[in-house]
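Nothing here was measured: the structure is a model prediction, and the numbers come from that model. Below, all heavy atoms of this structure are taken into account, side chains as well, without hydrogens, waters or symmetry copies.
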Protein chains: 2
Amino acid sequence: MAATQSTDDKILTAFSELLFSNGYEGTTTKRIAEQAGVNESTIFRHFQDKHGILTKLIEGYMADINNISDSFEIKGDIVQDLMRVAKTYDRVIENHKSLFLLGLRNGYQFPEIISAIKQLPIHLKAILIEKFTGMIETGELDKDVDLEVAATNFILLNFGNTVFKYAYPKAGLNVPISKFAKENIKEFAEKLKS
Amino acid sequence: MAATQSTDDKILTAFSELLFSNGYEGTTTKRIAEQAGVNESTIFRHFQDKHGILTKLIEGYMADINNISDSFEIKGDIVQDLMRVAKTYDRVIENHKSLFLLGLRNGYQFPEIISAIKQLPIHLKAILIEKFTGMIETGELDKDVDLEVAATNFILLNFGNTVFKYAYPKAGLNVPISKFAKENIKEFAEKLKS
DNA sequence: TTTGAGTGCAAGTGCTTGCTTGCATATAAA
DNA sequence: TTTATATGCAAGCAAGCACTTGCACTCAAA
């Protein structure tokens, strides 16, 4: 933690880290205080309650996701593009892995996390369909491809691998992102080419 | 619950149902007792502790999964086969959805659930690779297909869609299984055909 | 009828958790 | 120097949770 970080940010960072490793219930206010290096009562001077810390964290995520289109660079070469997007997706989730895991672990308790988390696949799907449409016109994509199905399958591949990565980290089920992009996504994308 | 169900089974069923809807921490022994229609102290006469109920439930799952190969019918027509396997996968998870969700929600707390849950994708991958090998020899599959990548991608598609279904049930992200098999899996499988 | 097994009931234990309260201290600005 | 702000500290509160304990009752088998 940076020496000049505000108390708010210290608490938010500690909360986020603990969410990742201990889950929501395991993220006690006692632990947050220790990790943030503040007194437990300070937490309640800055945030109304424990849930209020989460609300703030989700706000940060939504600010990021609302500009997410700019992060997914698609230039017109389907194979290179989808490999690049897969890597970007991995990076975006890595930056928000606590909330990603919270959505899996506690989605049933906090509808607002699901509302937030679903924005990424929804945005990504819209972008893919738009770009794929252009690529059919330029002849890069096979014109028989069902764009919605292709976009959904791409998202499922990335999402599934990402869940393996974060939800079952020691299971050895996820494909490391380099290999995933170069093999799994590449083979998928090549099948879309005309 | 069947009128002649044993007390053990009543408790296990109640536990499983509550796991699904309330998560592990929300599955209090008080709630289990109510749902099972037994006294709370009876639970501790049948199981050492709360965790012991989970252990028993996982044993039931493992008994199922150890014979899982028989459930995945692969006859040599890649498209029909993968569509059928996708539906079988969906059915298997549906039968064990509480443990599937527990793995996502509480995997970090219970390594034994991860060990159990990972058996399904591991078994399925092995089956797929074996069958795909045969299909290359019969000419059903394009011989340039990387079998491991194809099998992994098939599993990721199914897994991803299943996580959408159970972890974010109201988000509208998952493709209903009929459509998923007929469109997403069918398109995927057709690309593997020689 | 007696005995053993299984269960209900109610009270209780010890611990944890989120949060509150009131006092004290430190620091920066006026 | 005084004032305002931010925070630490320690004690505490109320609720909830897994689990225990001891008594009482029911039912089936011997």
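Contact annotation for B:E25: no contact, since no heavy-atom pair falls under 4.0 Å across all strands. Contacts of B:H51 with the nucleic acid, taken as non-hydrogen atoms under 4.0 Å apart, are absent.
Note: NZ (A:K50) to P (C:dT20) measures 14 Å, nearest angstrom. Per the geometry, CZ belonging to B:R45 stands 14 Å off P belonging to D:dC23, to the nearest Å. We find that CD of A:Q5 is positioned 16 Å from C1' of D:dT7, with the value rounded to whole Å. Following rounding to the nearest Å, A:L54 (CG) and C:dG18 (C1') show an atom-to-atom distance of 15 Å. The distance from atom CD of A:E34 to atom P of C:dG18 is 12 Å, rounded to the nearest whole Å. Between the NZ atom of B:K10 and the P atom of C:dG8 there is a distance of 7 Å, given to the nearest Å. For the pair A:Y24 OH and C:dT17 P, the interatomic distance rounds to 14 Å; values are reported in whole Å. Atoms CD1 (A:I43) and P (D:dA6) sit 17 Å apart, rounded to a whole Å.
Between A:Y168 and B:F159, the angle of the ring planes lies from 30° to 60°, which puts this pair in the tilted group. Aromatic ring orientation, A:F110 versus A:H51: tilted (interplanar angle from 30° to 60°).
Here B:K191 does not pair with B:D142 in a salt bridge; the nearest charged N to carboxylate O distance is not below 4.0 Å.
Between C:dG8 and B:T42, a contact under 4.0 Å exists linking OP1 or OP2 to a side-chain N or O. Between C:dT17 and A:T28, no contact under 4.0 Å exists linking OP1 or OP2 to a side-chain N or O. B:T7 has no side-chain polar atom (N or O) that falls below the 4.0 Å cut-off from OP1 or OP2 of C:dG6. Distances shown here put every side-chain N or O of A:H46 at or beyond 4.0 Å from the OP1 or OP2 atom of D:dA6.
Nearer the 5' end of DNA chain C, as judged by each residue's closest nucleotide, is the contact made by B:V38, out of A:K30 and B:V38.
Cation-pi geometry between B:K56 and B:F47 is not met: the NZ or CZ atom fails to fall both under 6.0 Å from the ring centre and inside 45° of the normal.
When distances run from any side-chain atom of B:F44 to the nucleotides D:dA18, C:dG18, C:dT7, the shortest one goes to D:dA18. Here the nucleotide nearest the side chain of B:E40, chosen from D:dA18, C:dC19, C:dG8, is D:dA18.
Here the options are B:N184, B:N161, B:N153, the test is side chain to side chain donor-acceptor pair (under 3.5 Å), and the partner is A:N153; only B:N184 passes.
In this model, no side-chain donor or acceptor of B:S41 finds a partner on the base of D:dC19 within 3.5 Å.
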